[in-house]
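First the structure, in the form of structure tokens, and then the observations on it.
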Amino acid sequence: MNNFIFENSTKVYFGKGCVKEYLACLTEKYGERVMLCYGGGSIKKNGVYGEVTEKLTSAGKKVFEFPGIMANPTYGKVLEGAKFAKENKIDVILGVGGGSVMDCCKAISLAARYDGDVWADFWARPGIIDFKPLPLGVIVTVAGTGSECNGGAVITNEDLKVKTGRDYPQCNPKFALLDPEYTYSVPEFQMVSGGFDTLSHIMEIYFSEPDEDNVSDDIAEALMKNVIRNLRAAVAGPKDYTARSNLMWDATMAENRIIKLGKKTDFECHQMEHQLGAYTDCNHGAGLAVLHPVYYRHIYRSGIEKFRKFAVNVWGIPADGKSDEETARAGVEALADFIKEIGMPTTLQELGIDETVDLKEIADSCAVVPGSYKKMTHEEILEIFQECMK
Ligand code: NZQ
Ligand code: ZN
């Protein structure tokens with residue numbers, strides 16, 4: 001194992017009824033002015049809004065609503081939220097939603113306590129937080145990003161056409177409430193997209209050095225198998241509590257830093273998808289589903305032993321009679337087949353990206369990370385995008 005430091009400051013409350021049971025006492029110590037942030041209104045249709053506001057008002061809180069956080073949250077929305085928080089002298093932010101709401105809230109919590117140029121100082125490059133962001137609590141309504149248990153916030157700067165994330169431990173939510181039943185109302189496409197995002201996070205961590213025996217990789221294999229099995233179960237039975245609860249905790253486990261310990265991590269596929277998102281506003285998990293098999297066909301020969309292990313240990317592909325390279329490739333094709341099986345898109349066209357989109361400009365804007373088995377060039381990223389059009 002490589003050296004590491006581990007800390008995770010988020011306290012998690014998991015399970016059926018956890019919001020009803022714990023929300024009031026969790027907000028007790030933060031003052032009375034609560035900024036309730038949410039997205040486009042799903043929480044009003046599924047009853048979550050009623051449950052949350054009832055708990056807050058009966059606990060004597062004054063609720064200031066900040067709705068309309070869009071998927072792929074923008075820097076403009078962050079600034080609007082920070083202004084709102086300052087004007088209303090907010091004591092604590094409560095984000096109710098998925099990755100978009102949680103990420104936007106983390107950035108608001110920081111921007112509300114900072115008077116400088118937030119983008120330049122914290123997102124354009126890693127910054128130093130020598131002040132306390134506004135306290136934040138989250139209630140997760142769609143599983144996938146794992147944002148509830150880290151300080152990561154992925155924000156789109158529309159003017160610069162850059163979508164980028166930074167993980168500041170000071171932005172970790174103080175508490176996270178995870179009720180798997182809250183995810184029952186998520187439409188199937190979004191549920192599968194979130195599940196695939198979780199699988200992608202685990203793969204991006206797994207396919208990177210070190211490759212010698214290490215506990216992070218072993219946990220990653222167990223998590224991948226759990227995501228695959230429970231995504232199948234959740235597609236078959238949308239109200240299967242066992243499946244939904246496993247998927248919800250898989251998502252947190254993938255991004256609570258535990259399986260990253262001692263690993264370089266790759267995340268090149270995320271870099272590519274984020275820039276596709278910055279230019280086209282495509283769905284995050286769906287973008288990853290299109291890119292992953294094509295990206296892995298480009299890199300697996302540079303990490304044959306690990307891809308072979310993935311095929312055998314995660315997909316149960318027998319190694320007998322095949323060369324290591326053939327087994328490794330079979331694992332990548334099993335992943336591609338799974339993506340089709342769960343109804344995810346397999347081409348960029350299916351994401352609404354056509355020939356009018358300048359793929360070269362997007363490819364050139366992608367960051368190239370050091371952790372991949374094969375260092376990408378912008379030319380190869382463009383090749384990957386072009387292959388994803390077919
Ligand atoms: O906006 P509403 O009306 O609430 O509808 C949302 C939205 O349309 C809907 N939804 C959420 N909960 C629901 C529900 N619909 C019915 N019932 C419910 N219970 O789902 C849609 C998508 O929500 P969103 O939050 O955008 O999805 P997701 O959780 O996939 O988040 C995606 C964002 O997170 C970023 C992505 O890049 C993207 O911007 N990521 C954040 C990460 C992090 N902070 O660690 C890591 C990830 O790699 C990712 O980049
Ligand atoms: Zn992701």
Side-chain angles (χ1 to χ4, degrees), residues 10 19 37-49 51-52 67-75 77-78 95-107 123 136 138-157 162-168 171-173 176 178-205 238-239 244 247-248 251-257 260 265-278 281-289 291-292:
T10 301
V19 173
C37 301
Y38 54 95
S42 69
I43 65 165
K44 290 203 166 164
K45 292 187 200 128
N46 58 18
V48 170
Y49 173 86
E51 200 157 296
V52 169
I69 296 177
M70 64 292 275
N72 301 326
T74 62
Y75 182 48
K77 194 72 184 171
V78 172
V96 186
S100 298
V101 169
M102 292 188 275
D103 287 11
C104 193
C105 286
K106 290 178 196 172
W123 267 266
L136 164 70
V138 297
I139 297 175
V140 182
T141 64
V142 53
T145 64
S147 179
E148 59 274 8
C149 226
N150 61 45
V154 181
I155 303 297
T156 299
N157 187 315
V162 174
K163 179 176 176 182
T164 195
R166 298 276 173 219
D167 185 353
Y168 294 111
C171 290
N172 262 65
L178 277 64
D179 183 340
E181 287 190 337
Y182 278 19
T183 68
Y184 284 168
S185 57
V186 177
E188 181 175 314
F189 179 79
Q190 188 61 46
M191 185 272 287
V192 172
S193 160
F196 191 78
D197 187 24
T198 300
L199 185 60
S200 166
H201 295 156
I202 306 167
M203 294 189 297
E204 298 255 41
I205 296 163
K239 295 209 170 164
R244 294 292 190 149
L247 289 172
M248 199 163 209
T252 312
M253 279 297 294
E255 275 295 334
N256 63 3
R257 307 193 181 106
K260 290 181 176 167
T265 82
D266 181 347
F267 283 94
E268 184 62 56
C269 207
H270 267 67
Q271 299 296 334
M272 293 187 248
E273 194 290 327
H274 282 166
Q275 279 313 100
L276 279 177
D281 202 26
C282 64
N283 175 286
H284 178 60
L288 291 168
L291 289 168
H292 259 293

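Note that the coordinates shown come from a computational prediction; the quantities given were computed from them, not determined experimentally. Each ligand, and each atom within it, is numbered from 1 in the order the structure gives. Excluded from the calculations below are hydrogen atoms, water molecules and symmetry mates; all remaining heavy atoms, backbone and side chain alike, are included.
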Problem set entry | Pairwise side-chain contact, Glu148 with Thr252, heavy-atom cut-off 4.5 Å (strictly under) | yes
Problem set entry | Under 4.0 Å to a heavy atom of Val186 - the qualifying atoms of ligand 1, by number | 13 (C), 16 (C), 17 (N), 18 (C), 19 (N)
Exercise. Could you state the interatomic distance from CE (Met272) to CG (Leu288), rounded to the nearest 0.5 Å?
Worked result: 10.0 Å
For this session: Looking only at protein heavy atoms, identify the closest one to atom 50 (O) of ligand 1 and say how far it is in Å.
Result: His274 NE2, 2.9 Å
Exercise. Under 2.8 Å from the Zn ion (ligand 2), which protein atoms of type N, O or S occur, listed by chain and number?
Worked result: Asp197 OD1, His201 NE2, His270 NE2, His284 NE2
For this session: Would you please determine whether Met102 falls within less than 4.0 Å of ligand 1 on a heavy-atom basis?
Result: no
Exercise. What do you think, any protein heavy atom under 4.0 angstrom from atom 8 (O) of ligand 1?
Worked result: no
Exercise. Distance only, no hydrogens: is a donor on one side chain within 3.5 Å (strictly under) of an acceptor on the other, for His284 and Ser193?
Worked result: no
Seminar exercise, completed: All heavy atoms of Ser100 vs all of Pro73, minimum pair found to be O-CG, 3.5 Å
For this session: Would you mind finding which of Asn150, Val48, Asn256, Thr141 brings a heavy atom closest to atom 12 (N) of ligand 1?
Result: Thr141
Problem set entry | Contact check, side chains of Thr141 and Thr183, non-hydrogen atoms, under 4.5 Å | no
Exercise. If you count the atoms of ligand 1 from 1 in the order shown, which ones are under 4.0 Å from a heavy atom of Val154?
Worked result: 37 (O), 40 (N), 41 (C), 42 (C), 50 (O)
Exercise. Looking at ligand 1, does His201 have a heavy atom less than 4.0 Å from it?
Worked result: yes
Exercise. Looking only at atom types and distance, does a side-chain atom of Arg244 sit under 3.5 Å from a main-chain N or O of Glu181, one as donor and one as acceptor?
Worked result: no
Problem set entry | Residue and atom name of the nearest protein heavy atom (relative to atom 29 (O) of ligand 1), distance in Å to one decimal | Gly99 N, 2.7 Å
For this session: For atom 35 (C) of ligand 1, state whether the nearest protein heavy atom is under 4.0 Å away.
Result: yes
Problem set entry | Contact check, Pro187 vs ligand 1, heavy-atom distance below 4.0 Å | yes
For this session: Mark the output for Pro73 as yes if a heavy-atom distance to ligand 1 is under 4.0 Å, and as no if none is.
Result: yes
Exercise. Relative to the heavy atoms of Ala71, which atoms of ligand 1 are at a distance of less than 4.0 Å?
Worked result: 26 (O)
Exercise. Do NZ/NE/NH1/NH2 and the carboxylate oxygens of Lys260 and Glu255 come within less than 4.0 Å?
Worked result: yes
Exercise. So, does Gly41 sit close enough to ligand 1 that a heavy atom of it is under 4.0 Å from the ligand?
Worked result: yes
Exercise. Checking Asp167 side chain against Gly151 main chain: does a donor-acceptor pair fall under 3.5 Å?
Worked result: yes
Problem set entry | Part of Asp103 within contact of ligand 1 (heavy atoms, under 4.0 Å) | side chain
For this session: Measure the spacing between CD of Gln190 and OG of Ser185 and express it to the nearest 0.5 Å.
Result: 11.0 Å
For this session: Would you mind listing which atoms of ligand 1 come within a distance below 4.0 Å of any non-hydrogen atom of Tyr182?
Result: 19 (N)
Exercise. Judged by atom type as modelled, is there a donor-acceptor pair below 3.5 Å linking the side chain of Arg166 to the main-chain atoms of Trp123?
Worked result: yes
Problem set entry | Sub-3.5 Å N/O-N/O distance, Gly40 and ligand 1 | yes
Problem set entry | Worked verdict on Thr145 versus Asp197 for side chain to side chain contact (heavy atoms under 4.5 Å, CB included) | CA-CA 6 Å; Thr145 64; Asp197 187 24; 3.6 Å; yes
Exercise. Rounded to the nearest 0.5 Å, what separation is found between the NE2 atom of His201 and the CG atom of Asp266?
Worked result: 12.5 Å
Exercise. Can you tell me the protein heavy atom closest to atom 25 (O) of ligand 1 and the distance?
Worked result: Ser100 N, 3.0 Å
For this session: Have a look at Lys45, Gln190, His284 and point out the one with the heavy atom closest to atom 30 (O) of ligand 1.
Result: Gln190
Problem set entry | For atom 17 (N) of ligand 1, the option (of Cys104, Ser42, Gly277, Ser185) bearing the nearest heavy atom | Ser185
Problem set entry | Test side chain to side chain contact (heavy atoms under 4.5 Å, CB included) applied to Ile43 and Tyr182, step by step | CA-CA 9 Å; Ile43 65 165; Tyr182 278 19; over 6 Å; no
Seminar exercise, completed: Closest heavy-atom pair, Thr198 versus Gly144, reported as atoms and distance to 0.1 Å, is OG1-O, 2.9 Å
Exercise. What is the distance from atom NE2 of His270 to atom CD of Gln275, rounded to the nearest 0.5 Å?
Worked result: 13.5 Å
For this session: State the atoms of ligand 1, each with its element, that fall below the 4.0 Å cut-off from a heavy-atom position in Gly39.
Result: 1 (O)
Problem set entry | Residue Asn72 vicinity, atoms of ligand 1 by number, heavy atom under 4.0 Å | 38 (C), 39 (O)
For this session: Indicate yes or no for a side-chain donor-acceptor contact from Asp103 to the backbone of Val154 under 3.5 Å, with no hydrogens or angles considered.
Result: yes
Exercise. Any donor-acceptor pair under 3.5 Å linking the side chain of Lys163 with the backbone of Gln271?
Worked result: no
For this session: Would you check whether Glu273 reaches within less than 4.0 Å of ligand 1, judged by its heavy atoms?
Result: no
Exercise. If you round to the nearest 0.5 Å, how far is OG of Ser147 from CE of Met102?
Worked result: 4.5 Å
For this session: Give a yes/no on ligand 1: does Ile43 have at least one heavy atom closer than 4.0 angstrom to it?
Result: no
Seminar exercise, completed: If we number the atoms of ligand 1 from 1 as shown, the ones under 4.0 Å from a heavy atom of Gly152 are 44 (N)
For this session: Select one of side chain, backbone, both or neither to describe which atoms of His270 lie under 4.0 Å from any atom of ligand 1, heavy atoms only.
Result: side chain
For this session: Indicate, as side chain, backbone, both or neither, the part of Asn46 found under 4.0 angstrom from ligand 1 when only non-hydrogen atoms are considered.
Result: side chain
Problem set entry | Protein contact to atom 37 (O) of ligand 1 [nearest heavy atom, distance to 0.1 Å] | Lys163 NZ, 2.8 Å
For this session: Can you measure from CE (Met70) to CG (Asp281) and round to the nearest 0.5 angstrom?
Result: 9.0 Å
For this session: May I ask you to identify, for Tyr184, whether its side chain, its backbone, both or neither come under 4.0 Å of ligand 1 on a heavy-atom basis?
Result: neither
Exercise. Can you name the nearest heavy-atom pair linking Gly95 to Cys105, along with the distance?
Worked result: CA-SG, 3.7 Å
